[in-house]
Student: 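Just passing along the structure, written as structure tokens.
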Amino acid sequence: MTITYIKCAAQVITVKGGSQPRRSEEMSDLGIIENGSVLVKNRRIVFVGPDVKAQEYLEHIHEPINIIDAEGKIVTPGLIDPHTHLVFGGSREKELEMRLNGAKYIDILKAGGGILQTTVSTRQATEEELIKQSTKRLNKFLQYGVTTVEAKSGYGLNLKDEIKQLKVAKKLNEQHPVDVVSTFMGAHAVPVEYKGNEDEFVRFVIEEMIPIVAKEELAEFCDVFCEEGVFTVEQSDRILQAGKAYGLKPKIHADEIVSFGGAELAAKVGAVSADHLLKASDQGIKQMAESGVIAVLLPGTAFFLMEEPARARKMIEAGVPVALSTDRNPGSSPTESLPFIMNLACLTMKMTPAEVLTACTINAAHAICKGDQIGSIEVGKKADLVLFDAPNYQTLQYNYAVNLVDTVLKDGKVVVEGGVLH
Ligand SMILES: O=C(O)CC1=NCN=C1
Ligand SMILES: [Zn+2]
């Protein structure tokens with residue numbers, strides 16, 4: 001068994017010690033090792049520390065050693081995207097001009113476009129077509145240093161096509177180097193066939209879809225678009241409680257368009273995360289802090305919708321653990337560049353370079369309940385690692401909107417080298 005020796009990085013950003021999601025000032029403690037090295041064996045991290053100590057460790061090793069020179073580079077945990085709508089058919093580039101001409105996202109949806117347009121194209125797509133299109137997106141994620149993504153259903157909006165989306169996500173997890181963690185989001189919008197009969201659709205989600213998704217073990221989480229004009233707080237509460245009863249951990253799209261009580265509901269149901277939160281109330285933020293709900297913030301979505309972003313500083317100061325995500329989807333955030341999301345988190349939400357790294361590693365890992373396996377460089381964790389062509393972590397936010405990824409290891413295997421996918 002070969003040992004991989006990631007040798008003498010300018011900085012190893014361990015983000016160690018994250019058995020719980022990081023809050024407030026904890027978000028700034030990156031556990032940096034200057035002139036550090038990482039040793040990998042059998043897909044796991046077996047050593048992390050100063051290079052002099054790594055060399056002592058290697059004196060007792062008789063296996064072949066594969067050296068990756070990290071001189072002048074930083075090493076971070078593999079980046080984690082805890083909120084994507086990865087699996088979908090079609091595209092919505094025409095919506096951009098509509099919104100540039102003044103149309104609002106939610107009005108496009110109410111008029112039968114938006115999510116409902118993607119639902120038409122996703123229903124028409126075969127599993128093979130969805131796998132092919134989603135694989136291209138996962139390849140881009142990998143080139144941006146993302147080694148784990150969450151993927152939601154929610155463009156089927158009927159039993160057959162919701163199951164189809166979730167089966168595609170499961171196959172991607174099996175076939176692609178990037179780990180894919182699935183979320184059922186049958187309550188993403190009310191499909192046209194239920195227009196005017198919303199409560200009947202909510203019943204269908206609760207009584208028909210959730211039991212089968214749970215029985216076939218197609219998802220770990222259940223999510224709902226709790227928003228004015230989509231699902232009410234009361235409907236969202238019933239859907240998430242039903243998901244919990246079947247073992248699907250709750251997540252919620254909350255307070256994206258208006259302040260609607262989504263953050264408060266997240267605290268009430270004990271959601272793992274509340275996501276978006278552009279319009280979260282002070283009361284909602286306070287209740288999230290008290291109940292330990294992770295805020296998954298999506299500054300790329302705010303940027304693309306030309307809206308004010310979430311109040312990240314208020315949330316961090318209130319003690320809410322913050323994670324970041326691309327919200328990869330065809331309508332409100334068509335990007336895989338989690339590094340650019342980190343730039344936006346600094347430049348539009350005034351998070352610091354240290355906080356955004358925590359938000360894209362250990363806190364993002366906890367937002368998908370994987371904080372014990374990924375999200376930091378610690379002995380025993382998965383060898384999901386990224387070498388960035390940067391002398392220190394601040395450079396990642398200073399050189400904005402460029403891809404500084406040099407090498408990516410997934411489960412200890414080099415999958416990107418010199419910025420190029422293997
Ligand atoms: O518009 C989309 O396809 C994704 C989305 N769902 C809720 N907000 C954005
Ligand atoms: Zn979303």
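Just follow the structure's listing: the first ligand is 1, and inside any ligand the first atom is 1.
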Student: Please determine if the Zn ion (ligand 2) has an N/O/S atom from H85 lying under 2.8 Å away.
Tutor: yes

Student: Please determine if R99 forms a cation-pi arrangement with F304, meaning its NZ or CZ atom is less than 6.0 Å from the six-membered ring centre and no more than 45° off the ring axis.
Tutor: yes

Student: One pair per line, please: each N/O atom of ligand 1 matched with every protein N/O atom under 3.5 Å away, atom names first, then the distance to 0.1 Å.
Tutor:
unit_1   : atom_1 : unit_2 : atom_2 : d
ligand 1 : 1 (O)  : R92    : NH2    : 2.9
ligand 1 : 1 (O)  : Y105   : OH     : 2.6
ligand 1 : 3 (O)  : R92    : NH1    : 2.7
ligand 1 : 3 (O)  : Y155   : OH     : 2.5
ligand 1 : 6 (N)  : H188   : NE2    : 2.7
ligand 1 : 8 (N)  : Y105   : OH     : 3.3
ligand 1 : 8 (N)  : E256   : OE1    : 3.0

Student: Can you see whether F88 has R137 sitting over its ring - NZ or CZ less than 6.0 Å from the centre and within 45° of the normal?
Tutor: yes

Student: Give a yes or no on whether the ring-centroid distance for F340 and F303 is below 6.0 angstrom.
Tutor: yes

Student: Between D384 and K410, does at least one N-O distance fall below 4.0 Å, as a salt bridge requires?
Tutor: yes

Student: If the threshold is 4.0 Å, N to carboxylate O, is there a salt bridge linking K279 and E228?
Tutor: no

Student: Measuring from the Zn ion (ligand 2), name the closest N, O or S atom belonging to D327.
Tutor: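 So the atom name we want here is OD1.
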
Student: Specify which N/O/S atom of H83 comes nearest to the Zn ion (ligand 2), by atom name.
Tutor: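 So the atom name we want here is NE2.
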
Student: Do the side chains of C222 and I239 get nearer than 4.5 Å, heavy atoms only?
Tutor: yes

Student: Is it true that K268 and D237 have a side-chain N and a carboxylate O under 4.0 angstrom from each other?
Tutor: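 Yes, K268 and D237 are salt-bridged.
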
